[in-house]
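Okay, so here's the structure we're looking at.
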Amino acid sequence: SNYAGVQAGQIVFRHGRAANALSNNDGLGDIIFQGFDSGGGLQNFAAISSTAADVTAGSANGIINFTTFVDGASAERMRIHSNGNVGIGTTNPGAYKLYVNGDNYVNGVTTSTGVYLHPISNSPYAGSCWVKAITASKGIFLVNSAVNRWIGIKADGTAEISSSLLTVAADLSTTGN
């Protein structure tokens, strides 16, 4: 039949119980990517699934999970919460729009009013963080949350330390101007 509305076609996964009421955290549907392994056995390789996180009338919300399979066992890799927050390597991104648990690499410009760098354990200097300025005309500064103490390297290569941060507990020598 002809439908005069503006809504496009849909694929719907519907899950219900005998009384049609779901419970919190019920699975709603899965898209499973399968293939045959070298022995001819059918294997799951990846999946996208949805969960009804909260089924309270008027405030229902859901979650989308992205899963891969390693050695035949499923492992959740990414989760999108109903508020749009994304967790990679974690099931709980908290209040962060993007929460990455584990080492990551960003190639490109990241714009932010604040970036939190967590020390990594497998760098050449355990517990250290590596920061690289993307543009030669910019400097790199580590600033506390109140923005009243900082240490940094300016674009011209000179260092700057806020006077409230510098404490000298031994002899200090300098060269140059």
Side-chain angles (χ1 to χ4, degrees), residues 1-37 41-123 126-135 138 140-148:
S1 69
N2 290 333
Y3 181 75
V6 295
Q7 188 167 351
Q10 299 175 336
I11 297 174
V12 176
F13 295 89
R14 183 173 292 136
H15 176 122
R17 299 194 184 286
N20 293 330
L22 294 171
S23 294
N24 289 346
N25 301 312
D26 272 355
L28 296 173
D30 300 302
I31 299 172
I32 301 173
F33 301 89
Q34 296 181 331
F36 292 96
D37 64 18
L42 185 62
Q43 297 294 316
N44 293 337
F45 287 91
I48 302 170
S49 56
S50 177
T51 303
D54 182 354
V55 298
T56 305
S59 64
N61 59 64
I63 296 170
I64 297 175
N65 302 308
F66 294 82
T67 303
T68 60
F69 290 77
V70 179
D71 297 327
S74 67
E76 183 177 316
R77 303 300 181 182
M78 183 172 75
R79 176 178 288 210
I80 303 173
H81 283 257
S82 60
N83 61 5
N85 294 356
V86 176
I88 299 174
T90 180
T91 59
N92 184 10
Y96 300 103
K97 285 297 174 192
L98 176 62
Y99 185 108
V100 179
N101 183 21
D103 296 344
N104 61 84
Y105 175 81
V106 176
N107 184 7
V109 177
T110 301
T111 305
S112 175
T113 56
V115 176
Y116 175 75
L117 297 176
H118 184 74
I120 57 175
S121 59
N122 64 350
S123 70
S128 64
C129 293
W130 293 91
V131 180
K132 178 182 175 185
I134 301 299
T135 308
K138 305 291 183 189
I140 300 171
F141 287 85
L142 302 176
V143 182
N144 71 345
S145 60
V147 193
N148 61 3

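Note that the structure is a prediction, hence the values are computed from the model and not measured.
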Kindly compute the distance separating CD1 (I48) from CD1 (I80), expressed to the nearest 0.5 Å. 9.0 Å
Between F69 and A46 the two heavy atoms that sit nearest each other are CD1-N, 3.5 Å
If every non-hydrogen atom of R79 is compared with every non-hydrogen atom of T91, which pair is closest and at what distance?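 Smallest interatomic distance, heavy atoms only, reads CD-O, 3.3 Å.
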Does [X] reach the main-chain N or O of [Y] with its side chain, forming a donor-acceptor pair under 3.5 Å?
{"X": "D30", "Y": "I32", "value": "no"}
{"X": "N24", "Y": "V55", "value": "yes"}
{"X": "N83", "Y": "N85", "value": "yes"}
{"X": "T51", "Y": "A53", "value": "no"}
{"X": "H81", "Y": "G87", "value": "no"}
{"X": "D54", "Y": "G62", "value": "no"}

Out of T67, N65, V70, which residue meets the side chain to side chain contact (heavy atoms under 4.5 Å, CB included) rule with R77?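 Of the listed residues T67, N65, V70, the side chain to side chain contact (heavy atoms under 4.5 Å, CB included) partner of R77 is V70.
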Residues two or more places apart in sequence or in another chain: which of them pass ring-ring contact (aromatic ring centres under 6.0 Å, His included) with Y99? Y96
I88 vs L98 side-chain heavy atoms within contact, under 4.5 Å: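 The answer is yes, as the side chains (C-beta and beyond) meet within the 4.5 Å cut-off.
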I want to check something: taking the side chain as every heavy atom from C-beta on, are F13 and L28 in contact at a cut-off of under 4.5 Å?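 Answer no - side chains too far apart.
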